[in-house]
Amino acid sequence: MKKAIYAGSFDPITYGHMDIVQRAVRIFDEVHIAVIQNPDKSSLFSLEERICLIRQVFDDQPNIIIEGFQGLLIDFSKKKKIFTVVRGLRAVSDFDFEFQMALTNRSLLPTFDTVFLMTDHKYSYLSSSLVKQVAMYNGDVTQFVPPTVQTALKEKL
Ligand code: ADP
């Protein structure tokens, strides 16, 4: 059984993330969405809220598993015994950081590999922070996030 981890903050999940997940499940039998609890980064939604929103989105797909984690991704990877991580690449600007992170993770854990999926052109500009900014000023986010997330944003902001 081929398994992969898709890690991120998902604050909140967008159509860009969802596209990567749906493409990853065509490659892997099981995809574990690992939601980061990052103490350095203040998030709009709590870890529980972010997990809950993602669960609602992939409700009918038992091969997509959603979990929270803290600490190093390689430690989560060892715990789960899943050594492949999927990341999305939006633009050249993502590359530097992703390249650094992939190499660092591999030097810490040689069995660890990162697989990159190019964003769909429709979502190449889309990020959670952009969605939050638009929502904060009452802008229309219907083309960026699913209805459950739209409602959650309205309630939160
Ligand atoms: P962000 O970078 O928007 O804060 P995350 O930390 O939640 O998002 O990102 C998790 C993963 O999803 C990263 O690999 C990121 O590059 C990818 N990702 C985020 N938005 C998109 C998008 N619009 N298209 C493709 N991949 C994306």
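None of the values given here were measured: they were computed from a predicted structure. For ligands, and for the atoms within them, numbers begin at 1 and follow the listed sequence.
- When ring centroids are compared, Tyr6 and His32 stay outside the 6.0 Å threshold.
- The environment of Tyr125 atom OH is dense: over 12 non-hydrogen atoms of other residues, nucleotides or ligands sit within 6.0 angstrom.
- Distances between N or O atoms of Gly8 and those of ligand 1 include no value under 3.5 Å.
- Remark: Arg55 CZ is packed, more than 12 non-hydrogen atoms of other residues, nucleotides or ligands lying under 6.0 Å away.
- Backbone and side-chain nitrogen or oxygen atoms of Ser124 are examined, and none is located within less than 3.5 angstrom of a nitrogen or oxygen of ligand 1.
- Put simply, CE on Met118 and CG on Asp94 are 10.0 Å apart, with the number rounded to the nearest 0.5 Å.
- Residue Gly88 has at least one nitrogen or oxygen atom sitting less than 3.5 Å from a nitrogen or oxygen atom of ligand 1, judged on distance alone.
- Ring geometry for Tyr15 against Tyr123 counts as tilted: the plane angle lies between 30° and 60°, on a 0 to 90° scale.
- Under a 3.5 Å cut-off, the side chain of Ser43 and the backbone N or O of Ser46 do not form any donor-acceptor pair.
- The residues Glu30 and Lys2 are annotated as not salt-bridged, no charged nitrogen and carboxylate oxygen being separated by less than 4.0 angstrom.
- In terms of N/O distances under 3.5 Å, ligand 1 is not approached by Thr14.
- If you number the atoms of ligand 1 from 1 as listed, the ones under 4.0 Å from a heavy atom of Ser9 come out as 4 (O), 5 (P), 6 (O), 7 (O).
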Return a table of donor-acceptor pairs under 3.5 angstrom between the side chains of residues 76-85 and protein atoms on other chains or two or more places apart.
{"unit_1": "Ser77", "atom_1": "OG", "unit_2": "Ile82", "atom_2": "O", "d": "2.7"}
{"unit_1": "Lys80", "atom_1": "NZ", "unit_2": "Glu67", "atom_2": "OE2", "d": "2.4"}

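- Distance alone, capped at 3.5 Å, is enough to place a donor-acceptor pair between the Arg50 side chain and the Ile36 backbone.
- The protein non-hydrogen atom at the shortest distance from atom 9 (O) of ligand 1 is His17 NE2, 3.6 Å.
- Counting protein heavy atoms only, atom 21 (C) of ligand 1 is closest to Arg90 CD, 3.6 Å.
- Judged by the shortest distance from any of its heavy atoms, Ile20 lies inside the 4.0 Å radius around the atoms of ligand 1.
- Note on Asp120 versus Arg23: no salt bridge recorded, every NZ/NE/NH1/NH2 to OD/OE distance being 4.0 Å or above.
- Atoms of ligand 1 found under 4.0 Å from any heavy atom of Ser128, numbered from 1 in the order shown, are 3 (O).
- Within the listing of ligand 1, atoms 3 (O) sit less than 4.0 angstrom from a heavy atom of Ser127.
- No N or O atom of Asp11 sits closer than 3.5 Å to an N or O atom of ligand 1.
- For ligand 1, the polar-atom distance check against Tyr6 finds a nitrogen or oxygen pair separated by under 3.5 Å.
- For atom 24 (N) of ligand 1, the closest non-hydrogen atom on the protein side is Thr119 OG1, 2.9 Å.
- Residue contact check: Ala7 has heavy atoms under 4.0 Å from atoms 10 (C), 11 (C) of ligand 1.
- Between Phe10 and ligand 1, a contact under 3.5 Å exists for at least one N or O pair.
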